[in-house]
Amino acid sequence: MDGGSWWRDGVLYQIYPRSFADSNGDGIGDLPGITSKLDYLQWLGIDGLWLSPTMPSPNLDWGYDVLDFCGVHPELGTMDDLDRLVREAADRNIRVLLDLVPNHTSDLHEWFIDSKRSRSSDHRDWYIWRDPKPDGSPPNNWLSVFTGPAWTFDEGTGQYHLHNFLPQQPDLDWWNDDVRDAFDAVLRFWYERGVAGFRIDVAHGIVKDRELRDNLPATPEDHPRVKLIGQQQNYNLNRPEVHDVLKRWRAVSDEYSPQRVLVGETLVLDLERWAAFYGSGTDELNLAFNFPFIFAPLDAREMSEVVATTEQLLPVEAWPVWTGTNHDTRRFPTRWCNDDPARVRCAMMILLTLRGTPFLYNGDEIGMPDTHMSPEQVLDPVKIRTEDGLGRDPGRTPMHWSPEPGAGFTGPDTEPWLPFGDYGACNVAGQRNDPDSMLNFTRDLIALRRRLSELPRGSYKPLNCPEGVWAWRRGDDVTVAVNLSDLNQDIPDMDGNIAIGTDRARDGETVTGSLVLAEWEGVIITNRPSTG
Ligand code: GLC
Ligand code: CA
């Protein structure tokens with residue numbers, strides 16, 4: 001049992017490289033830019049970084065259409081820049097995870113170019129090619145996650161290729177051992193360079209039904225996301241055989257060190273199926289992103305139910321992970337909190353005090369909201385399937401470092417690749433010197449995790465409390481209570497000292513007998529005398 005791994009105790013931080021920091025003034029964030037912010041990340045208390053894809057890509061899906069799994073995108077820098085980032089991060093005790101995209105490649109990847117050349121080319125069966133039905137239509141009814149049929153016809157060889165995302169993102173055939181071997185080599189390539197692990201894209205979906213059976217239609221009982229797609233994705237994704245591949249990667253990882261970590265984008269909405277991605281608890285993914293939690297509203301009953309079920313389903317040796325934002329979901333300060341600062345603090349307190357590894361997304365720490373933009377400014381290929389039709393870009397715009405022109409992200413006269421939000425109102429520099437800011441609140445919560453071992457390690461026990469309030473104990477000595485309602489609430493049986501409150505004026509307050517929380521207020525109470 002690896003009870004003390006850095007990734008269990010630590011706080012991880014997702015960086016969207018194109019939007020983090022631009023070192024050469026071309027309006028695009030890059031690897032030297034990230035390196036230049038390592039002191040900041042160390043100051044914040046971050047233990048590990050997940051970088052969204054850094055590999056060469058034609059960027060039809062912004063890096064998730066990979067040209068070369070062992071390269072670095074020239075817009076982001078060079079292999080030397082990546083090595084330097086990993087080295088300088090290690091000097092500050094920060095590990096670096098890369099994004100592995102095994103479900104598909106770019107259609108310009110040399111494997112696919114060869115595959116498409118002829119029915120007998122070497123890489124033909126690295127991808128999924130099938131004959132049309134007798135009437136010329138696609139081989140089955142599968143729909144792309146990005147809308148439309150999941151099959152595109154190739155005139156040259158007279159067959160369709162499968163793509164669960166864009167037509168330019170052909171799916172690899174994970175029944176082919178050559179594909180499996182090729183990815184083992186990719187993992188090894190990066191592990192040799194000192195990378196600490198991978199976030200695995202579409203981890204639930206890379207293996208397809210061997211017989212390519214038709215998906216069943218969505219039913220009224222299905223999750224709204226399934227209804228939106230119109231069919232249950234039980235054959236084009238979500239096959240049980242995917243677990244064999246994940247186990248194989250875990251074995252490769254553990255060969256290097258049990259401190260390497262694999263965290264999966266396990267986008268399944270059923271927690272029972274989700275828990276299976278941990279295998280026995282020691283032989284599959286180290287961490288699996290919990291989408292039912294991400295998609296739950298900031299509501300005491302709904303969130304605490306997801307957490308209770310998660311706690312109940314996980315194998316003893318498995319470890320939860322909590323996230324509010326990623327590059328696909330939009331930012332939690334807007335999505336969960338309607339840009340209300342009190343709610344944003346409650347949400348951050350929850351993320352950093354549940355039992356499990358928190359993943360913050362760049363900007364979460366300053367409560368950065370989604371960026372308002374017009375449809376013409378959107379570059380995301382997936383504009384549909386969001387209420388406002390803007391897709392994922394409002395959550396992907398450049399980081400706000402300072403109130404000066406360029407936001408401290410790029411040069412003062414440079415047009416960033418995606419538009420800035422209101423960086424005058426919300427930025428790192430402005431918040432860093434204000435002890436009462438969101439940034440210092442986040443930093444103080446992270447520091448508290450280091451001071452009180454119950455926060456990273458203690459058990460989770462929900463407490464009875466009034467409707468709208470969520471309270472739980474960590475270990476024996478720490479209690480967290482958040483009022484996710486519009487009413488003042490009186491919570492009985494609370495004793496100790498407030499270590500940190502969302503209202504910082506309450507830090508250090510003694511609580512005896514009962515605790516009164518204002519609307520959208522949260523506190524962490526310890527039974528020990530406060531050490532300041
Ligand atoms: C994952 C990524 C998303 C991407 C998709 C296809 O869901 O997080 O950004 O578009 O895979 O690669
Ligand atoms: Ca740049």
Side-chain angles (χ1 to χ4, degrees), residues 14-37 50-55 57-67 69 72-78 81 85 97-107 109 144-147 150 162-172 198-206 225 229 233 236-238 263-268 289 291 294-295 323 325-330 359 361 378-386 391-393 395-396 398-399 406-411 414-418:
Q14 179 188 356
I15 289 181
Y16 195 72
R18 295 181 68 84
S19 288
F20 195 60
D22 171 21
S23 70
N24 61 351
D26 63 357
I28 300 169
D30 46 52
L31 297 171
I34 298 172
T35 304
S36 75
K37 298 297 183 188
W50 148 33
L51 311 182
S52 274
T54 43
M55 293 89 188
S57 163
N59 281 340
L60 292 180
D61 190 22
W62 301 106
Y64 287 93
D65 45 331
V66 174
L67 266 186
F69 291 99
V72 172
H73 197 304
E75 282 177 343
L76 303 180
T78 63
D81 293 329
L85 168 57
L97 274 61
L98 297 184
D99 208 315
L100 185 72
V101 188
N103 182 67
H104 45 264
T105 69
S106 158
D107 64 335
H109 193 294
S144 155
V145 176
F146 288 175
T147 71
L162 177 70
H163 52 87
N164 269 297
F165 298 92
L166 297 175
Q168 298 89 344
Q169 290 172 298
D171 281 30
L172 286 160
F198 298 92
R199 175 269 189 181
I200 299 165
D201 195 59
V202 198
H204 58 294
I206 64 179
R225 297 181 68 91
I229 290 174
Q233 300 173 304
N236 64 326
L237 299 164
N238 297 313
V263 49
E265 186 203 18
T266 41
L267 212 173
V268 292
F289 283 120
F291 283 89
I294 295 174
F295 294 145
T323 322
T325 309
N326 68 38
H327 63 290
D328 295 327
T329 61
R330 300 284 189 90
F359 267 75
Y361 178 72
V378 171
L379 301 178
D380 179 13
V382 193
K383 300 187 200 180
I384 29 60
R385 298 209 173 136
T386 45
R392 302 169 292 184
D393 282 353
R396 294 178 172 182
M399 181 77 181
F409 165 75
T410 187
T414 307
E415 187 81 20
W417 78 287
L418 277 179

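Sequence positions, counted from 1, serve as the residue numbers for this chain. As the structure lists them, so they are numbered: ligands from 1, and atoms in each ligand from 1.
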Exercise. Would one find an N, O or S atom of I28, in either backbone or side chain, under 3.0 Å from the Ca ion (ligand 2)?
Worked result: yes
Exercise. Would you say the side-chain atoms of Q169 and D61 include a donor-acceptor pair closer than 3.5 Å?
Worked result: yes
Exercise. Strictly under 3.0 Å, is any N, O or S atom of N24 next to the Ca ion (ligand 2)?
Worked result: yes
Exercise. Can you check whether M399's main-chain N or O pairs, donor with acceptor, with S19's side chain at less than 3.5 Å?
Worked result: no
Exercise. Between E265 (side chain) and V202 (backbone), is there a donor-acceptor pair under 3.5 Å?
Worked result: yes
For this session: Determine which of the N, O or S atoms in D22 is closest to the Ca ion (ligand 2) and give its atom name.
Result: OD1
Seminar exercise, completed: Test side-chain contact (heavy atoms from CB on, under 4.5 Å), reference R18, set D30, L76, L418, output is L76
Problem set entry | Proximal atoms of ligand 1 relative to R392 (non-hydrogen, under 4.0 Å) | 3 (C), 4 (C), 9 (O), 10 (O)
Exercise. Can you tell me the N, O or S atom of D30 that's nearest the Ca ion (ligand 2)?
Worked result: OD2
Problem set entry | Ring center gap for H163 and F146 short of 6.0 angstrom | no
Problem set entry | Residue part near ligand 1, for V382, under 4.0 Å between non-hydrogen atoms | neither
For this session: State if F146 counts as touching ligand 1 under the rule of any non-hydrogen atom under 4.0 Å.
Result: yes
Exercise. Any sub-3.5 Å donor-acceptor pair from N164's side-chain atoms to N236's backbone N or O?
Worked result: yes
For this session: Write out the residue and atom name of the closest protein heavy atom to atom 9 (O) of ligand 1, then the distance separating them to 0.1 Å.
Result: D328 OD1, 2.7 Å
For this session: Provide the closest heavy-atom pair for D26 versus T414 in the form atom of the first, atom of the second, distance.
Result: C-CG2, 3.9 Å
Problem set entry | Side-chain donor-acceptor pair present, Y64, S57, cut-off under 3.5 Å | no
Problem set entry | Of all N/O/S atoms in D26, the name of the one nearest the Ca ion (ligand 2) | OD1
Exercise. What atoms in ligand 1 come closer than 4.0 Å to a heavy atom of H104?
Worked result: 6 (C), 12 (O)
For this session: Would you kindly say whether D380 and W62 are connected by a side-chain donor-acceptor distance under 3.5 Å?
Result: no
Problem set entry | Ligand-side contact atoms (ligand 1) for residue partner V202, heavy atom cut-off under 4.0 Å | 11 (O)
Exercise. Hey, does the side chain of S144 reach the backbone of F165 with a donor-acceptor pair shorter than 3.5 angstrom?
Worked result: yes
Problem set entry | ligand 1 versus F165: contacting region, heavy-atom distance under 4.0 Å | side chain
Problem set entry | atom 4 (C) of ligand 1 [closest protein heavy-atom partner, distance rounded to 0.1 Å] | D61 OD2, 3.2 Å
Seminar exercise, completed: Under 4.0 Å from one or more heavy atoms of R396, ligand 1 contributes atoms 9 (O)
Exercise. So is H163 in contact with ligand 1, going by heavy-atom distances below 4.0 Å?
Worked result: no
Problem set entry | Protein contact to atom 7 (O) of ligand 1 [nearest heavy atom, distance to 0.1 Å] | E265 OE2, 2.7 Å
Exercise. Checking D393 side chain against R396 main chain: does a donor-acceptor pair fall under 3.5 Å?
Worked result: no
Problem set entry | Identity and separation of the nearest protein heavy atom to atom 1 (C) of ligand 1 | D201 OD1, 2.7 Å
